[in-house]
Amino acid sequence: MSDRYAVIGHPISHSKSPLIHAAFARQTGQEMSYEAILAPLDGFAAAVAAFRAAGGKGMNVTLPFKQEALGLAEKPTERARLAGAANTLRFDADGIYADNTDGVGLVRDLSGRLGLELAGKRVLILGAGGAARGVILPLLEEKPALLAIANRSVDKAEALKAQFAPFGALAAGGFGDFAGGEFDLVINATSASLAGAALDLPPGLFAPGALAYDMVYGPSETPFMIQARRLGAAQVADGLGMLVEQAAESFFLWRGVRPETAPVMAMLRNI
Ligand code: ATR
């Protein structure tokens, strides 16, 4: 029987992960299956245990279980611990290994497909929830000149700044505090796009040539992408590339093989 993997979440039917991992497996000739599992909101740990007992080798974890997933792990990576969440589990003989590949997925999409070298750049993250926390350490590891965190509730941005202060140059504040900040990269890690709400962005956020990146993706440009272009962003991108890159990193953690992401991106865009 081929090795079994799955993505687990609630809801789960919208997930593109089965499609992505099937494409990776075909491309690399790996014998494996990958399914989607809907766990009840109060039944995450039991669903993971059942999949593992049935011979499962690993799982991707999506909303709302990423924090709980970290709690199940005997062997969490540092970046997962700092993110406070795991999106990848591997069932090893000596326990559950957990990682968070979201941040490295974002960095790979930026440096690869979008050609943005982060070293020495000014970066702004909008939002201070789980999505923001999950990507801060991998961003800091690229040595930006500054990583600023702007949030509607300033105390949450301040808390993230304090948590990650040992790892790089950080600033925190409300959106208005960064007016005229001229950032090379502005990342939307808020959930505002999901609710269709526009952000209260001040003028002067974008440096000449700046990239605006929305961690959310959709069939057309997100509200943030449209807003950013109007405010002077030279280039805009949605989070589909991050989705594919985080999946590639999970695939590598399980199979030891790095799939090519560009053909899978192209396939998803055409659906
Ligand atoms: P996630 O795990 O997706 O990050 P979360 O932890 O609920 O979700 O965080 C949502 C983030 O989006 C928060 O930073 C939130 O700002 P607050 O901390 O001030 O609530 C932000 N957010 C959601 N809707 C927003 C809106 N309309 N304008 C500005 N920020 C918004």
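Sequence positions, counted from 1, serve as the residue numbers for this chain. Just so we're clear, the structure is a prediction, and the values are computed from it rather than from any experiment. Atom set for the values below is all heavy atoms of this structure, side chains included, hydrogens, waters and symmetry mates excluded. Order of appearance sets the numbers: ligands from 1, and atoms from 1 within every ligand.
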Nitrogen or oxygen atoms of A198 and ligand 1 under 3.5 Å apart: no

Salt bridge flag under 4.0 Å for residues R152 and D200: no

Protein residue, atom and distance nearest to atom 19 (O) of ligand 1, heavy-atom basis: S153 OG, 2.5 Å

Exceeds 12 heavy-atom contacts within 6.0 angstrom, atom CD of Q67: no

Ligand 1 contact on D200 by region, counting heavy-atom pairs under 4.0 Å: neither

Ligand 1 contact on T190 by region, counting heavy-atom pairs under 4.0 Å: both

Passing candidate, side-chain contact (heavy atoms from CB on, under 4.5 Å) with Y213, options V186, N188, L106: L106

Protein heavy atom at shortest distance from atom 3 (O) of ligand 1: A131 CB, 4.0 Å

For atom 26 (C) of ligand 1, the protein heavy atom that lies nearest, with its residue and separation: R152 NH1, 3.2 Å

For atom 9 (O) of ligand 1, closest protein heavy-atom neighbour: G129 CA, 3.5 Å

Test applied, side-chain contact (heavy atoms from CB on, under 4.5 Å); reference residue, Y34; option that passes from F24, F251, W254: W254

Nearest protein heavy atom with distance in Å, relative to atom 29 (C) of ligand 1: L199 CD2, 3.4 Å

G127: numbered ligand 1 atoms lying under 4.0 Å from its heavy atoms: 14 (O)

Over 12 foreign heavy atoms within 6.0 Å of CD, E31: no

Closest approach of any protein heavy atom to atom 14 (O) of ligand 1, naming residue and atom: N151 OD1, 2.7 Å

For atom 2 (O) of ligand 1, the protein heavy atom that lies nearest, with its residue and separation: G130 N, 3.3 Å

Heavy-atom nearest neighbour in the protein, as seen from atom 7 (O) of ligand 1, with distance rounded to 0.1 Å: S191 OG, 4.7 Å

No-hydrogen, no-angle side-chain donor-acceptor test under 3.5 Å, T77 and N100: no

K156 and ligand 1 - part of the residue with a heavy-atom distance under 4.0 Å: side chain

Donor on one side chain, acceptor on other, R255 and Y5, under 3.5 Å: yes

Side-chain ion pair, K121 and E142, N-O less than 4.0 Å: no

Backbone N/O of N87 and side chain of N60: donor-acceptor pair under 3.5 Å: yes

